[in-house]
Number of protein chains: 2
Amino acid sequence: MTPLDIKNKVKQILTEHLEAKQLRKTSERFAILDEIYSMQGHFDIETLYVHMKNKKYQVSRATLYNTVEVLLECNLIIKHQFGKNQALFEKAYMYRQHDHLICQDCEHVFEFCDPRLQQIQQMAGEILKFDIERHSLTLYGKCQGVQKNGKCSHGFKPINKG
Amino acid sequence: MTPLDIKNKVKQILTEHLEAKQLRKTSERFAILDEIYSMQGHFDIETLYVHMKNKKYQVSRATLYNTVEVLLECNLIIKHQFGKNQALFEKAYMYRQHDHLICQDCEHVFEFCDPRLQQIQQMAGEILKFDIERHSLTLYGKCQGVQKNGKCSHGFKPINKG
DNA sequence: GTTTGTGCAAATTTTTTGCATTACA
DNA sequence: TGTAATGCAAAAAATTTGCACAAAC
C-alpha cells in the first residue's frame, strides 16, 4: 500500500464512521486527517495546530481537540500519555502493534515489538475476566552512551521541543 | 512487616535519601510520606492535599509537588499517567511489581502480575542496547458485565470522582 | 431551514514559578 | 546565621466550554 493508498483508505474509514454516527463530513475533519497522515511519528495537538497553520488549511485548536476525539473513536489514531501532562498521538491505520522505549536522557521514543505481549494480554484478560481492547507498554531506560559517559549516544533532540 | 514497620522503614529510607542529597529533613516531608503510606491505592495531588488539610498536617500544594518529586527520586512512590491529564501516584515500597488493567466502563484499576514482562523488558533492553529502569504496562478493557448488558459488574465508582 | 460544527475567547484544570517568610542545619 | 524549603498567589500549559456564526444536511 502506497502512502496515497493509505490516505484514501483512512479517508474512507472516516467517511463511513461519520455516516454511521450521523456526524457531518466537514472539510476540517478531512484536512486534519490528511495532515496527520502526512506527519511522521508522534505528535501533540499544538504541533498539529502549527503544522496546519503553516500549510494549506487553518483550523482552530477547539476543532483539533474535537476531531482528534472522533479519530480516536474510529481507531485512526492512538493516544499516548508518556508520563507527561501533554497527550501525544500517532497514526493507527496500517501501523502494526508496537510498544515504546523512551530514553530517559534525550526523551527519544523507540519502537519495538514482542509477540509475548499478546499472550500476556490474553491471559490477564482470561484471569480477570475482561475483554481487553488494547494495551500500552512503555519501557524507560538509558542508552549505552548515557551509561558510559552521561551523554546520549544517539543525540536525538527531545520530542516536541524542536 | 506490619503497616507500622513499613512506615518506619520508608521514613528511614527518606531520611537517608535526604542526608545523601543534602536536603533538609522538614516535618512537611515526613508528614506527607506518612499520609501517603496511610492511603490505599492510587492517589492524585489534589486528593492528597484535601486529605492532609482535613487531618493533622496542613501543607501547600507547592510543597506537595516538591515532595512528590523527592519521593519519586528515592523510589518510595511511582507515578502513573493513565491516559488522563492528571498524574496518579502509588506507594512503591513493599509493593511488588505489578501492572494495571483499567475498566473502560467504571475506570476502576485492577492489578495483575506476569513474570514474562521482566523477560520482555530484558530482551528489549538487550536488542535496543538500553539499560531499562522500569516499565509501565496498562491494559484497557471491558468486564463481563459490560460485555453482556452494558453495565459494569463490579460497580466501582470512577477513580478520583468520588 | 435545522442543526451540528467551527472559531474565538474565556474558563477550568493541573502543574510550575517567583518571592517573601520560616525554619533546618 | 546562612540557605534551602515553605506558603501563597500569580503564571503557565493543556484542555474544555459557551456562544455567535458558518456550513452541512
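Lettering of chains follows the sequences in order, A, B, ..., and the numbering in each one begins at 1. On a predicted model such as this, the values are computed, not experimentally measured, just so you know.
- Here the P atom of nucleotide D/dA5 and the CG atom of B/L71 are 13 Å apart, to the nearest Å.
- Contacts between residues 22-35 of chain B and DNA chain D, defined by a heavy-atom separation under 4.0 Å, are made by B/L23, B/R24, B/T26, B/E28, B/R29.
- Ring-plane geometry between A/H108 and A/F110 is classed as perpendicular, the angle between the planes exceeding 60 degrees on a 0 to 90 degree scale with a lower cut at 30.
- Rounded to an integer number of Å, the gap from CD of A/E69 to P of D/dT17 is 11 Å.
- Following rounding to the nearest Å, B/I45 (CD1) and D/dG7 (P) show an atom-to-atom distance of 14 Å.
- For the pair A/E69 and A/K79, the salt-bridge criterion is not met [side-chain N within less than 4.0 Å of a carboxylate O].
- Inspection of the A/D5 and A/T2 side chains reveals an N or O donor paired with an N or O acceptor under 3.5 Å.
- A salt bridge does not link A/E111 with A/R96: every distance from a Lys NZ or Arg NE/NH1/NH2 to an Asp or Glu carboxylate oxygen is 4.0 Å or more.
- As judged by a 4.0 angstrom heavy-atom cut-off over every strand, A/E19 is placed among residues making no nucleic acid contact.
- When the side-chain nitrogen and oxygen atoms of A/T63 are compared with OP1 and OP2 of C/dG7, one or more of them lie within a distance under 4.0 Å.
- The side chain of A/S60 sits closest to C/dG7 out of D/dT15, D/dT6, C/dG7.
- With rounding to whole Å, B/L72 atom CG is found 12 Å from C/dT15 atom P.
- C/dT15 atom P lies 9 Å from atom CG of B/N85, rounded to whole Å.
- Pairing each heavy atom of B/Y93 with each of B/K9, the nearest pair is OH-CG, 3.0 Å.
- For the pair A/K21 NZ and C/dT3 C1', the interatomic distance rounds to 19 Å; values are reported in whole Å.
- Mapping A/Q58 and B/A87 onto DNA chain C by nearest heavy atom places A/Q58 at the nucleotide closer to the 5' end.
- Remark: B/Y65 is in phosphate contact with C/dT15, judged by side-chain N or O atoms under 4.0 Å from OP1 or OP2.
- Using bins of under 30°, 30° to 60° and over 60° for the plane-to-plane angle, the ring pair A/H98/A/H100 lands in the perpendicular bin.
- Here the side chains of B/L23 and B/R29 are in contact, with some heavy-atom distance below 4.5 Å.
- For A/A62, taking side-chain heavy atoms from C-beta onward, the closest of the listed nucleotides D/dT6, C/dT15, C/dG7 is C/dG7.
- In this structure, the CG atom of A/L88 is 15 Å from the C1' atom of D/dT15, given to the nearest Å.
- Out of C/dG5, C/dT15, D/dT6, the shortest distance to the side chain of B/R61 is found at C/dT15.
- For the pair B/L18 CG and D/dA4 P, the computed distance is 15 Å after rounding to whole Å.
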